[in-house]
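Predicted model, so just to flag it, every value in this text is computed and none were measured. Quick note on labels: first sequence line is chain A, next is B, and so on, each numbered from 1. Only this structure's heavy atoms are used, side chains among them; waters, hydrogens and symmetry mates stay out.
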2 protein chains.
Amino acid sequence: MERVELPEVPTWRPVRGGNAFEITVARLVQAIRLGLVVVGERLPPERELAEQLRVSRVTLRDAIAALREAGYLESRRGRAGGTFVVHSGPPDGATSDATTLAREMGSQLTDALDFRRVLEPGAAALAAARPLAAAQRSRLVACLVASRDRQQNRRVHDSRLHLAIASASGSPSVAAAVADVQLRLDQLLAAIPVIRRNLDHSDAQHTRIVDAILAGDPETARGVMEEHCDGTAELLRGLLG
Amino acid sequence: MERVELPEVPTWRPVRGGNAFEITVARLVQAIRLGLVVVGERLPPERELAEQLRVSRVTLRDAIAALREAGYLESRRGRAGGTFVVHSGPPDGATSDATTLAREMGSQLTDALDFRRVLEPGAAALAAARPLAAAQRSRLVACLVASRDRQQNRRVHDSRLHLAIASASGSPSVAAAVADVQLRLDQLLAAIPVIRRNLDHSDAQHTRIVDAILAGDPETARGVMEEHCDGTAELLRGLLG
DNA sequence: CGGAAAAGGTCTGAACAGTTTCCAAACGTG
DNA sequence: CACGTTTGGAAACTGTTCAGACCTTTTCCG
């Protein structure tokens, strides 16, 4: 006799998603894949980074070593040394079969898309509703322009723009949540086939969103971001057949 | 010479907020304070709960022991035994000085309010946009009715309703995020002075939100939830003077 | 009545993670 | 060129956490 559990209790989800080492690796990958540190840039010194991540330097070093062996990072010693980003993962569209990937995620894919659909439009509206410092405004514009680049790194530039918008909301929690959900979807988004028409559409939406934020128009910012999320969600769901 | 760090990197936030024991305690407190397990109810068996939380039974037992000594829980052995909730924290309005509490939170208060302002309206809209099972519908109505109870436990019933709405969104991530932000604000919300007029207003909003969700009207659900969040945010910010 | 079942209570050795301390390499400056 | 500084590299020791087996208490049911 099987007892039917209707969970409904979000509180009893796992206390941690993996051990310290794994989470640290994930964070570094996040920073690289989402373009928070660009190729050629240097990570903060180990001691500093370990402190920010509230992780022992040993654990951080293990994580760095793993990514070094995977070819993402490179460490140089000495006064002008440090750990540098060498490349930011497989190029766009070169990811392993997207359909398989999507199927493996199962219901987690729907969950991530729903979460994103709640977060990003809300973040855009919040950003539009508050006065922005000049630095934030120019950062938004810079990310927008960069995201139009049709050469390599499209995925990274897209993430950076979305992150910049979330950051402009002024709420660290919102920014962190957006970063998390972006990473969850990253591989899938990278696997979307590159079609001129889609890219044009996406760029146009990005522009409208940033314009609305700069103009202080929360309704429009949210509306367009909703369309934008729905668009990519549609493409991804299409992969599942 | 101070180096000016503009962080902007949400990725380098702490890898974990405390050790396994502390987080486990926090989860139990969350379940109790948010009314996910009501007074008199039994927690899942230790073995089961430990597995769900991905924590060793020893750690879970330590956490339970701590809350037992704090008077929240009570354990009984034997076949019909288990761990039971004895009370769910200080009664409404009896919390320590709200102003002090709010000041101590500092910018975290603004952050939490912003995050909530993004999450809850989005969750309500999502819930309204999807077909709900009969069980979810009746759960919403039950929580709504209970939240009108002006006797003790007002805070708990309010949390339960908000959680039920987030749950109805169908996205575990959304539900979990709402639960977290609710707990972050819990003490503050409990400290809001009890004024008839505010309660009436709040109840009316709750009703409109649930109606909109049941009617499948995302725009209204989100709009009213936004008003609702703004209302309590206003009250809380008022405490800071 | 007596055993099976279901729950909490206890112990132990191994794996994991954090702290501390020192070492080694490379660059810049006087 | 020598020294100090800034960086990564490594080892030893300490506390946390885990997995699993086993014990005790209580209730249900044949």
How long is the line joining [atom1] of [X] and [atom2] of [N], in whole Å?
| X | N | atom1 | atom2 | result |
| --- | --- | --- | --- | --- |
| B:Arg57 | C:dA6 | CZ | P | 15 Å |
| A:Glu51 | C:dT19 | CD | P | 10 Å |
| B:Asp62 | C:dT10 | CG | P | 11 Å |
| B:Leu49 | C:dA6 | CG | P | 18 Å |
| B:Leu67 | C:dG8 | CG | C1' | 16 Å |
| A:Asn19 | C:dA14 | CG | C1' | 15 Å |
| A:Arg54 | C:dA17 | CZ | C1' | 16 Å |
| A:Arg42 | C:dA26 | CZ | C1' | 13 Å |

For this session: Just call it for A:Arg76: base, sugar-phosphate, or nothing, with non-hydrogen atoms closer than 4.0 Å on any strand.
Result: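 Here A:Arg76 touches the backbone only, sparing every base.
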Exercise. Within the structure shown, what part of the strands sits under 4.0 Å from B:Val55 by heavy-atom distance: base, sugar-phosphate, or nothing?
Worked result: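 Since only primed, P, OP1 and OP2 atoms lie under 4.0 Å of B:Val55, the category is sugar-phosphate.
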Problem set entry | CZ/B:Arg54: more than 12 non-hydrogen atoms of other groups inside 6.0 Å |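 Incorrect, the count does not exceed 12.
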Under 4.5 Å between any side-chain heavy atoms of [X] and [Y], yes or no?
| X | Y | answer |
| --- | --- | --- |
| A:Leu28 | A:Leu43 | yes |
| A:Val38 | A:Ile32 | no |
| B:Phe21 | A:Val15 | no |

Exercise. So, is B:Arg16 near the phosphate of C:dG18, with a side-chain N or O under 4.0 Å from OP1 or OP2?
Worked result: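 B:Arg16 to C:dG18 OP1/OP2: side-chain N or O found under 4.0 Å.
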Problem set entry | A:Thr59 side-chain N/O to C:dC16 phosphate OP1/OP2 under 4.0 Å | no
For this session: Could you work out which one of C:dT19, C:dA4, C:dG9 sits closest to the side chain of B:Arg79?
Result: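 From the listed options, C:dA4 comes nearest.
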For this session: Check every atom of C:dG9, C:dC22, C:dC27 against the side chain of A:Arg47 and return the nucleotide holding the closest atom.
Result: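 Shortest atom-to-atom distance from the side chain points to C:dC22.
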May I ask you to decide whether [X] forms a salt bridge with [Y], counting only side-chain N to carboxylate O separations under 4.0 Å?
| X | Y | result |
| --- | --- | --- |
| B:Arg68 | B:Glu74 | no |
| B:Arg27 | B:Asp180 | no |
| A:Arg57 | A:Asp62 | no |

Exercise. Between A:His87 and A:Tyr72, how do the two ring planes meet: parallel, tilted or perpendicular, split at 30° and 60°?
Worked result: parallel
Exercise. Between which nucleotides of DNA chain D, read 5' to 3', does contact with chain B run, using atoms under 4.0 Å from its heavy atoms?
Worked result: D:dT17 to D:dC28
Exercise. Of A:Arg61 and B:Gly81, whose nearest nucleotide on DNA chain D comes first from the 5' end?
Worked result: A:Arg61
Exercise. Please, what dot-bracket string fits DNA chain D when only Watson-Crick and G-U pairs with both distances under 3.5 Å count, crossing ones use [ ] and pairs to another strand use |?
Worked result: ||||||||||||||||||||||||||||||
Exercise. Just by modelled atom types, is the A:Ser171 backbone N or O under 3.5 Å from a matching donor or acceptor in the B:Asp114 side chain?
Worked result: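 Judged by distance alone, no pair lies under 3.5 Å.
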Exercise. Please, which pairs that meet salt bridge (Lys or Arg N to Asp or Glu O under 4.0 Å) have at least one residue in residues 158-167 of chain B, sequence neighbours excluded?
Worked result: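 The answer is B:Arg155-B:Asp158.
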Exercise. If you pin A:Arg77 and A:Gly18 to their nearest nucleotides in DNA chain C, which one's is more 5'?
Worked result: A:Gly18
